K.L.:
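I have a structure here, written as structure tokens, and I will follow up with some questions on it.
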Amino acid sequence: QVQLVESGGGLVPPGGSLRLSCAASGLIVSSYTMGWFRQAAGKEREFVAAITWNGGRQYYADSVKGRSTISRDNAKNTVSLQMNSLKPEDTAVYYCAARRLSSFVASEYDYWGQGTQVTVTS
């Protein structure tokens with residue numbers, strides 16, 4: 001049974017940083033494209049970042065490019081998202097997801113975590 005468990009969310013002031021982690025069980029993160037998505041209140045779920053199964057290429061949404069880094073720890077079977085220079089518009093529930101092939105489309109991902117809340121406010 002596949003489980004993805006996110007952690008690291010919280011309340012942070014504008015300009016602050018957070019590191020989100022996703023612990024996977026039942027799958028090997030290096031064999032999947034691992035993605036981070038977010039969903040703000042009243043909005044659709046949107047792509048944030050992904051690291052591919054083949055070569056570990058990293059992709060980012062324009063809204064977070066230059067401020068975020070996705071990484072993978074194969075030994076721990078985890079995926080992380082380091083977010084810097086956070087803005088109020090980054091406020092959302094952040095989800096970790098996994099898919100066999102590369103994609104930026106939420107509906108194409110097979111496995112999802114429960115999400116972790118990130119709130120950016122002064």
Side-chain angles (χ1 to χ4, degrees):
Q1 183 179 357
V2 174
Q3 273 195 313
L4 301 176
V5 180
E6 303 95 336
S7 61
L11 191 67
V12 62
S17 297
L18 278 178
R19 186 176 182 85
L20 306 182
S21 292
C22 173
S25 59
L27 62 78
I28 299 173
V29 297
S30 59
S31 297
Y32 283 73
T33 287
M34 301 299 297
W36 284 95
F37 292 79
R38 68 187 181 186
Q39 188 166 17
K43 295 188 177 181
E44 292 188 356
R45 195 167 296 190
E46 65 175 5
F47 169 77
V48 176
I51 184 165
T52 64
W53 63 276
N54 54 338
R57 288 189 290 268
Q58 301 161 28
Y59 296 92
Y60 300 93
D62 288 343
S63 58
V64 303
K65 197 174 295 181
R67 302 188 293 122
S68 299
T69 303
I70 188 170
S71 60
R72 187 172 65 200
D73 187 328
N74 294 339
K76 295 182 179 179
N77 209 36
T78 59
V79 177
S80 296
L81 181 68
Q82 176 69 40
M83 303 179 65
N84 302 320
S85 303
L86 284 161
K87 306 175 182 179
E89 51 262 45
D90 293 318
T91 295
V93 178
Y94 283 71
Y95 298 90
C96 174
R99 185 177 190 265
R100 275 288 189 181
L101 300 177
S102 300
S103 172
F104 308 144
V105 180
S107 60
E108 295 180 352
Y109 278 71
D110 301 308
Y111 304 105
W112 290 86
Q114 295 285 67
T116 185
Q117 176 71 46
V118 171
T119 303
V120 184
T121 181
S122 53

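On a predicted model such as this, the values are computed, not experimentally measured, just so you know.
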K.L.:
In the hydrophobic clustering (ILVMFWY, side-chain contacts below 4.5 Å, transitive), which residues join W53, or is it alone?
P.N.:
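Same cluster as W53: L101.
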
K.L.:
What is the minimum heavy-atom distance between A98 and Y32, and which atoms define it?
P.N.:
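A98 and Y32 have their closest heavy atoms at CB-CD2, 4.1 Å.
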
K.L.:
Work out which heavy atom in L86 is nearest to a heavy atom in L18; give both atom names and the distance.
P.N.:
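Here L86 and L18 meet closest at CD1-N, 3.8 Å.
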
K.L.:
Would T91 and E89 count as a side-chain hydrogen bond (donor to acceptor under 3.5 Å, both in side chains) if you check the C-alpha gap in whole Å, the side-chain angles of each, and the deciding distance to 0.1 Å?
P.N.:
CA-CA 5 Å; T91 295; E89 51 262 45; over 6 Å; no

K.L.:
How are the rings of F104 and Y59 set to each other: parallel, tilted or perpendicular (split at 30° and 60°)?
P.N.:
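Aromatic pair F104/Y59 classed tilted.
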
K.L.:
Hey, is D62 close enough to K65 for a salt bridge, meaning N to O under 4.0 Å?
P.N.:
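Here D62 pairs with K65 in a salt bridge, since their nearest N and O are under 4.0 Å apart.
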
K.L.:
Which pairs count as salt bridge (Lys or Arg N to Asp or Glu O under 4.0 Å) when at least one residue sits in residues 39-52, sequence neighbours excluded?
P.N.:
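As it turns out, the salt bridge (Lys or Arg N to Asp or Glu O under 4.0 Å) pairs with a partner in residues 39-52, which skip direct neighbours, are R38-E46.
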
K.L.:
Of all the heavy-atom pairs spanning Q117 and A92, show the shortest one and how long it is.
P.N.:
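Shortest heavy-atom separation between Q117 and A92 comes out as NE2-O, 3.4 Å.
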
K.L.:
Distance-only, no hydrogens or angles: does the D73 side chain make a donor-acceptor pair with backbone N or O of T78 under 3.5 Å?
P.N.:
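Between the backbone of T78 and the side chain of D73 there is no qualifying donor-acceptor contact (under 3.5 Å).
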
K.L.:
Could you measure the distance from the CD atom of E6 to the OG atom of S21? Nearest 0.5 Å is fine.
P.N.:
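That separation rounds to 10.5 Å.
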
K.L.:
Spell out, yes or no, whether V64 and Y94 are grouped together once hydrophobic residues are joined by side-chain heavy atoms under 4.5 Å, including indirect joins.
P.N.:
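Yes, it is one cluster - the side chains of V64 and Y94 are joined through contacts under 4.5 Å.
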
K.L.:
Would you mind reporting whether S80 and C22 have side-chain heavy atoms less than 4.5 Å apart?
P.N.:
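No. Closest side-chain heavy atoms not under 4.5 Å.
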
K.L.:
Which atom names give the shortest non-hydrogen contact between A97 and Y109, and what distance separates them?
P.N.:
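Looking at all heavy atoms of both residues, the closest pair is CB-CD2, 3.4 Å.
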
K.L.:
Roughly how far, to the nearest 0.5 Å, is CZ of R100 from OG of S31?
P.N.:
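Spacing of OG (S31) from CZ (R100) equals 6.0 Å.
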
K.L.:
Determine, stepwise, if the pair V118 / L20 fulfils side-chain contact (heavy atoms from CB on, under 4.5 Å).
P.N.:
CA-CA 9 Å; V118 171; L20 306 182; 4.0 Å; yes

K.L.:
At what distance, to the nearest 0.5 angstrom, does OH of Y111 lie from CG of L4?
P.N.:
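Atom-to-atom, Y111:OH and L4:CG are 9.5 Å apart.
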
K.L.:
Hey, does C96 have a side-chain heavy atom less than 4.5 Å from the side chain of M34?
P.N.:
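Yes; the side chains approach each other to less than 4.5 Å.
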
K.L.:
Report whether Y95 and V5 are members of the same hydrophobic cluster (ILVMFWY, side-chain heavy atoms less than 4.5 Å apart, transitive linking).
P.N.:
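In one cluster with Y95: V5, no.
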
K.L.:
Determine the interplanar angle of the W112 and F37 rings, folded into 0 to 90°, and report it as parallel if under 30°, tilted if 30 to 60°, perpendicular if over 60°.
P.N.:
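Rings of W112 and F37: tilted, 30 to 60°.
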
K.L.:
A side-chain contact here means heavy atoms from C-beta on lying under 4.5 Å apart; do Y60 and I70 qualify?
P.N.:
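Answer yes - side chains close enough.
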
K.L.:
To the closest 0.5 Å, what do you measure between CZ (R19) and OG1 (T69)?
P.N.:
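So the CZ of R19 and the OG1 of T69 are separated by 8.5 Å.
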
K.L.:
Just by distance, do the side chain of D90 and the backbone of M83 share a donor-acceptor pair under 3.5 Å?
P.N.:
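Answer holds: no.
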
K.L.:
Between S102 and R99, what is the shortest heavy-atom contact and its length?
P.N.:
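Scanning both residues completely, I find the closest heavy atoms to be O-NH1, 3.3 Å.
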
K.L.:
Would you mind reporting whether L81 and V48 have side-chain heavy atoms less than 4.5 Å apart?
P.N.:
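SC-SC contact between V48 and L81 confirmed.
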
K.L.:
Is it the case that over 12 heavy atoms from other parts of the model lie below 6.0 angstrom from the CD1 atom of I28?
P.N.:
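Open.
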
K.L.:
Can you tell me if T52 uses its side chain to pair, donor with acceptor, with the backbone of R57 under 3.5 Å?
P.N.:
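Yes, because the side chain of T52 sits within donor-acceptor range (under 3.5 Å) of the backbone of R57.
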
K.L.:
Treating S17 as the side-chain partner and N84 as the backbone partner, does any N or O pair qualify as donor plus acceptor under 3.5 Å?
P.N.:
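A pair under 3.5 Å: no.
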
K.L.:
Looking at every non-hydrogen atom in both residues, tell me the closest pair between R72 and V79 and how far apart they are.
P.N.:
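Here R72 and V79 meet closest at CG-CG2, 4.3 Å.
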
K.L.:
side-chain hydrogen bond (donor to acceptor under 3.5 Å, both in side chains), that's the test. Do E108 and S103 meet it? Break it down for me.
P.N.:
CA-CA 7 Å; E108 295 180 352; S103 172; 2.6 Å; yes

